[in-house]
Amino acid sequence: MGLRRRSAARSASPPGAAPGEASAGASRIGNWALALWLLLLTVVVVLLDSLTGNDLPLIPLLVVLPALASVFCTVRQTTAVAVWVMLIVVGSRIASTEAFWDVVFLLGFTALASALGVVACAARIRHATEVARLRTAAVALQRQILRPLPIVTRQICAHGLYAPIEEDRFVGGDIYEVVQSPHGTRVIIGDVQGKGLQAIGAGFAALGAFREAAVREHELTAVADAVEDAVVRHNAFSAETGETERFVTALVLGFDDGDRVQVVNCGHLPPRMLHDGRATPVTLHETSVPLGLGGLSGEARVAETFALPDGAALMVYTDGVTEARDANGAFYPFDERLGTWSACEPPQVLEALLADLEEFSGGVRRDDVAVLVLSRPPKDDSPAPPPGAGAMESPTRPGPHRS
């Protein structure tokens, strides 16, 4: 979705293989480092074995090396370690005075342990590749659900970034959409409660309902109610199949040709106004329950109105931004950092925000990040940029929470 910053160096991967699949089968230790450690451990064991003699033979301890290699190395490296161990064990027993059957048992045990190490390594890599493929498929599904950015309508220009977590138990359900309708431009940004593929399903239900209601309904509150109904129906189906019911926090916004913005806050984070070099929270007095929980509240949803001055931009986002943490567990100082970029153009704000989040969290995130910066389009006849021309995504790097 848009421009993707890539690291300069990448390991070679088969054509059509996802980066996660390639990294799943990659070695965690280099050949030279492996050879050095293998030689050092072998020398230590052989020397100790020569000192203890036949009373306490230590050569059999070498059989643990293929097992250790299977955890960190490729199949080829593990096979090399297994062959090396077999050569050392056979060589140490050529001139042995031990009983014949003791030597045969040791050689057979070493061969079996070495073979099991190679098999375990192949099984580990196969499993890791399958998991990486599933993670990549889940993120690809998210990208197919969400439209490329930027999106330009008659009323607004929506720039944004979307940085998903490519790990099955962390993948979330952040959603956004911008729809041009006969009643103006309608925008939704939301965050599905919980993680996993079920969260993506709830997000898809909410998005589908919004796309239809945004064009059909005249009132913005009716749009929110339509999405509420869709989430409730999805939860009813989830309950029948034994899955967890979920709710969606969301902001539903409406833009007309004037300078006013309507918003229905369904338990979501308030937007930020970028104007005159400052970033200020937009105060919303009417906050209703999240979508899917409307039955717990007897109050109808209310739309509020506030001004969007000329030259101002509105930032809406999910809690993947505000709840990002550093290595010490401190939360990301969102308002403080945003104020330093508020005078920049929307694409520059998003680029700075993404880079700063990556640096602050040390490249380790636990939640998806979705951010939209909404501004009035320039009053000229220049053509709109193609979808995806200004969207940004998180850099793809290997790591515990990345593909």
Between [X] (side chain) and [Y] (backbone), is there a donor-acceptor pair under 3.5 Å?
{"X": "Arg186", "Y": "Val179", "answer": "no"}
{"X": "Thr241", "Y": "Phe237", "answer": "yes"}
{"X": "Glu304", "Y": "His285", "answer": "yes"}
{"X": "Arg124", "Y": "Ser70", "answer": "yes"}
{"X": "Ser288", "Y": "Asn265", "answer": "yes"}
{"X": "Asp319", "Y": "Thr322", "answer": "no"}
{"X": "Glu228", "Y": "Gly292", "answer": "yes"}
{"X": "Ser342", "Y": "Arg278", "answer": "yes"}

Closest heavy-atom contact between [X] and [Y]?
{"X": "Glu245", "Y": "Ala239", "value": "OE2-CB, 3.5 Å"}
{"X": "Leu65", "Y": "Leu38", "value": "CD1-CD1, 3.6 Å"}
{"X": "Pro66", "Y": "Thr78", "value": "O-CG2, 3.8 Å"}
{"X": "Leu291", "Y": "Cys266", "value": "CD2-SG, 3.7 Å"}
{"X": "Ala113", "Y": "Val63", "value": "CB-CB, 4.0 Å"}
{"X": "Thr153", "Y": "Pro377", "value": "O-CG, 4.0 Å"}

Can you give the donor-acceptor pairs under 3.5 Å from side chains of residues 81-88 to other protein atoms, not counting sequence neighbours?
residue : atom : partner : partner atom : Å
Trp84   : NE1  : Thr42   : OG1          : 2.9

Does the side chain of [X] reach to within under 4.5 Å of the side chain of [Y], using non-hydrogen atoms?
{"X": "Pro347", "Y": "Glu351", "value": "no"}
{"X": "Leu353", "Y": "Arg337", "value": "no"}
{"X": "Val373", "Y": "Val316", "value": "no"}
{"X": "Tyr332", "Y": "Asp326", "value": "no"}
{"X": "Gln77", "Y": "Thr74", "value": "yes"}
{"X": "Pro290", "Y": "Val248", "value": "no"}
{"X": "Leu308", "Y": "Phe255", "value": "yes"}
{"X": "Trp37", "Y": "Leu40", "value": "yes"}

Stepwise side chain to side chain contact (heavy atoms under 4.5 Å, CB included) test for Leu220 and Val252: CA-CA 8 Å; Leu220 193 64; Val252 183; 3.7 Å; yes
Distance, nearest 0.5 Å, that separates [atom1] of [X] from [atom2] of [Y]:
{"X": "Asn235", "Y": "Arg246", "atom1": "CG", "atom2": "CZ", "result": "9.0 Å"}
{"X": "Leu374", "Y": "Met273", "atom1": "CG", "atom2": "CE", "result": "10.5 Å"}
{"X": "Arg216", "Y": "Ser181", "atom1": "CZ", "atom2": "OG", "result": "12.0 Å"}
{"X": "Leu34", "Y": "Phe72", "atom1": "CG", "atom2": "CZ", "result": "11.5 Å"}
{"X": "Leu372", "Y": "Tyr176", "atom1": "CG", "atom2": "OH", "result": "7.0 Å"}
{"X": "His275", "Y": "Ser375", "atom1": "NE2", "atom2": "OG", "result": "13.0 Å"}

Derivation of the side chain to side chain contact (heavy atoms under 4.5 Å, CB included) call for Leu62 and Thr110: CA-CA 8 Å; Leu62 289 176; Thr110 303; over 6 Å; no
Six-ring centre of Phe331, Arg325 cation under 6.0 angstrom, axis tolerance 45°: yes
Glu286 bridged to Arg301 by N-O distance under 4.0 Å: no
Identified side chain to side chain donor-acceptor pair (under 3.5 Å) partner of Thr318 from the options Asp368, Thr249, Asp174, Asp191: Asp174
Side chain to side chain donor-acceptor pair (under 3.5 Å) contacts in which one or both residues fall within residues 305-317, not counting sequence neighbours: Arg272-Tyr317
Audit row: Trp341, Asp356, side chain to side chain contact (heavy atoms under 4.5 Å, CB included) steps and yes/no: CA-CA 11 Å; Trp341 313 314; Asp356 197 50; 3.7 Å; yes
Qualifying residue for side-chain contact (heavy atoms from CB on, under 4.5 Å) with Leu314, from Ile156, Leu251, Leu253, Val187: Leu253
Trace of the side chain to side chain contact (heavy atoms under 4.5 Å, CB included) decision for Val223 with Phe210: CA-CA 7 Å; Val223 177; Phe210 174 79; 3.7 Å; yes
Selection residues 175-185 - residue pairs positive for salt bridge (charged side-chain N to carboxylate O under 4.0 Å, His left out), sequence neighbours left out: Arg147-Glu177, Glu177-Arg211
